[in-house]
Amino acid sequence: MATNHLLEIKQYGQSIWIDNLTRDIIQSGELKDLVENQGISGITSNPAIFEKAIAGNVIYDADIEAGVRAGSPIQKIYESLVFADIRNACDILRPVYEASNRLDGYVSIEVPPTIAHDTEATIAEARRYFQEIDRENLMIKIPGTEPGLPAVEQVIAEGMNVNITLLFSVESYINTAWAYIRGLEKRVAQGKDISRIASVASFFLSRIDSNVDGKIDAKLKKGVDDIAVEAKLLAVKGKVAIANAKVAYQEYKKIIESDRWQALVAKGATVQRLLWASTSTKDPNYRDVMYIEELIGRDTVNTVPPATIKACADHCNVGDRLETDVDKAYTLIENLKDPDINIDLDAVMDELLVEGIDKFIQPFQSLMNSLEEKIKVLSPV
């Protein structure tokens, strides 16, 4: 029997989660098999994933029809479909949650992307989702926007598990980590237990390289007279995301060594792990599992789409690489400021955050439109 390389990753202190959730994989037993036999120990979802899962899939029709007969509004029908899938997935992951002492076994659901810039609405929806889904191993996904971080702090203080998503810059990760810490400190000040709260910081990868590579290609297309300048530009291609992630991990290490964090550890706090997201390789010229292979390391999670999971199981070259070539990572990020390269990484990150929210709003609205069409078809005449 062929070796499943995913199973080797756990020995390096990294968990592999799947970035996908559909009713098909729940009902077919595929999800149970992934969890019990393939090394998958958590699930992330987002509006784009649910749009693909629900739109045009007859498996949801009976529940949509029941919602129509009950006279439920479209938002309620949408939530009934998604919440049911999340609950079932949480139940499948529950043994992992218990066996890992609440380190893994989580299922993430995102609050509506349309409220990414509204602190109070985000808090209210997080409360409602956590209460209605009613599973200990649920994680509420909140975008790491400026208004999102006070929501993270409050939701953590109230005892919910949180996945802070759409983090691109190292600074955004640092801000997220301290929001988690402040939330735990607030809870401690209220005399409440913090040992059962978990959080991950979802740090995005391939979208960074796609953006930066596009800028480099545009410079090369214009024509570069100097071979040395061309070499500098080519040396950066496909390398910024991994370098950026390695720098973020060094910041993580500084934070967990801080007195404030250690004081929380003494009260039973669980570390907020960096989670590598957007880990499918977009450029066919790059190795299809590079965002897994290069970032394996302790106290991290990698959430992986199905095709990349299969690729990694088949041919991942597993090793502890997260802290290799760290000096080179810092140098590469610094080199972006070189006048010959001239890529403003802060501007790239801002651009990606705006795009990222839009990439969730569009499928969310598209799903609502397709549900509306389905409701018309299934409604009694």
Side-chain angles (χ1 to χ4, degrees), residues 17-26 31 35 40-55 57 60 63 74-94 96-97 102 104-116 118 121-145 148 151-152 154-156 158-167 176 197-202 204 272-273 275 277-278 301 303-305 356-357 359-368 371:
W17 293 3
I18 186 169
D19 192 29
N20 184 49
L21 183 59
T22 69
R23 192 162 292 186
D24 302 80
I25 67 167
I26 293 169
L31 180 57
V35 171
I40 301 303
S41 59
I43 298 171
T44 50
S45 68
N46 60 48
I49 284 170
F50 281 121
E51 187 210 11
K52 284 178 192 162
I54 296 170
N57 191 339
Y60 291 95
D63 283 354
I74 188 166
Q75 181 72 23
K76 188 80 176 167
I77 292 173
Y78 158 75
E79 287 178 3
S80 72
L81 306 178
V82 170
F83 288 8
D85 286 356
I86 293 284
R87 280 189 205 101
N88 288 329
C90 281
D91 293 343
I92 291 167
L93 267 295
R94 181 75 192 211
V96 175
Y97 175 73
R102 301 184 299 278
D104 283 311
Y106 294 95
V107 180
S108 293
I109 181 172
E110 188 155 347
V111 294
T114 47
I115 58 170
D118 187 331
T122 297
I123 294 167
E125 286 296 84
R127 283 179 188 140
R128 189 171 69 82
Y129 277 31
F130 209 73
Q131 190 174 0
E132 289 191 22
I133 293 170
D134 191 27
R135 293 294 186 274
E136 273 185 57
N137 54 331
L138 176 71
M139 261 190 180
I140 304 293
K141 251 180 150 179
I142 296 174
T145 57
V152 168
Q154 181 58 32
V155 166
I156 291 290
E158 292 183 20
M160 293 172 238
N161 307 309
V162 182
N163 176 341
I164 302 95
T165 188
L166 289 174
L167 304 175
T176 288
I197 300 168
S199 180
V200 292
S202 291
F204 280 54
Q272 181 193 61
R273 292 182 291 173
L275 176 149
S278 180
V301 180
T303 188
V304 188
I357 292 165
K359 280 182 179 174
F360 287 159
I361 288 174
Q362 285 179 4
F364 181 74
Q365 290 175 335
S366 170
L367 174 55
M368 289 302 172
L371 269 178

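Treat the numbers as computed from the prediction; the structure is a model and nothing was measured. Residues take their numbers from the sequence shown, with the count starting at 1. Computation of the quantities below employed the complete heavy-atom set of this structure, encompassing side-chain atoms and omitting hydrogens, waters and symmetry-equivalent molecules.
- With sequence neighbours excluded, the residues forming a side-chain hydrogen bond (donor to acceptor under 3.5 Å, both in side chains) with S278 are S206, listed by chain and number.
- With T22 contributing its side chain and A53 its backbone, the two residues share no donor-acceptor pair below 3.5 Å.
- Side-chain atoms of T122 come within 3.5 Å of backbone atoms of I115 as a donor-acceptor pair (strictly under, hydrogens ignored).
- Contact of the L275 side chain with the S202 side chain is registered, since non-hydrogen atoms from C-beta on lie closer than 4.5 Å.
- Rounding to the nearest 0.5 Å gives a distance of 9.5 Å between CG of L93 and CD1 of I40.
- Here the closest non-hydrogen pair linking D19 and P305 is CB-N, 4.0 Å.
- The ring-ring contact (aromatic ring centres under 6.0 Å, His included) test applied to F50 returns no partner, not counting sequence neighbours.
- For Y106 against E136, the heavy-atom pair with the smallest separation is CE2-O, 4.4 Å.
- Rounded to the nearest 0.5 angstrom, Q362 CD and E51 CD are separated by 9.5 Å.
- Under the 4.5 Å side-chain criterion, counting only non-hydrogen atoms from C-beta, I86 is not in contact with Y129.
- Taken to the nearest 0.5 Å, the CD atom of Q154 stands 8.0 Å off from the CE atom of M160.
- Contact of the T44 side chain with the V301 side chain is not registered, since no non-hydrogen atoms from C-beta on lie closer than 4.5 Å.
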Mind running side-chain contact (heavy atoms from CB on, under 4.5 Å) on V155 and F130 for me, showing each step along the way?
-> CA-CA 10 Å; V155 166; F130 209 73; over 6 Å; no

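- Side chains of T176 and Q272 form a contact here, defined as non-hydrogen atoms less than 4.5 Å apart.
- Put simply, the side chain of N137 gets close to the backbone of C90: a donor and an acceptor are under 3.5 Å apart.
- Residues meeting the side-chain hydrogen bond (donor to acceptor under 3.5 Å, both in side chains) test with E79, sequence neighbours left out: Q75, R128.
- Here the side chain of S45 pairs a donor or acceptor atom with the backbone of S108 at under 3.5 angstrom.
- For R23, the salt bridge (charged side-chain N to carboxylate O under 4.0 Å, His left out) partners at least two apart in sequence or on another chain are D63, D85.
- Listed by chain and residue number, F83, I133, R135 satisfy the side-chain contact (heavy atoms from CB on, under 4.5 Å) test with R87 (two or more places apart in sequence, or in another chain).
- Looking only at distances, no side-chain donor or acceptor of N46 sits under 3.5 Å from a matching main-chain atom of E110.
- G144 approaches L167 most closely through the heavy-atom pair CA-CD2, 4.0 Å.
- One finds the CD1 atom of I164 at 11.0 Å from the OG1 atom of T145 (value rounded to the nearest 0.5 Å).
- Atoms CD1 and CG, from I109 and L21 in turn, are 9.0 Å apart once rounded to the nearest 0.5 Å.
- With sequence neighbours excluded, the residues that form a ring-ring contact (aromatic ring centres under 6.0 Å, His included) with F204 are F168.
- Side-chain contact check for V200 versus T303: every heavy-atom pair is 4.5 Å or farther apart.
- The CD1 atom of I142 sits 8.0 Å away from the CD1 atom of I156 when rounded to the nearest 0.5 Å.
- With N163 contributing its side chain and M139 its backbone, the two residues share no donor-acceptor pair below 3.5 Å.
- V107 is not listed as a side-chain neighbour of I92, based on a closest heavy-atom distance of 4.5 Å or more.
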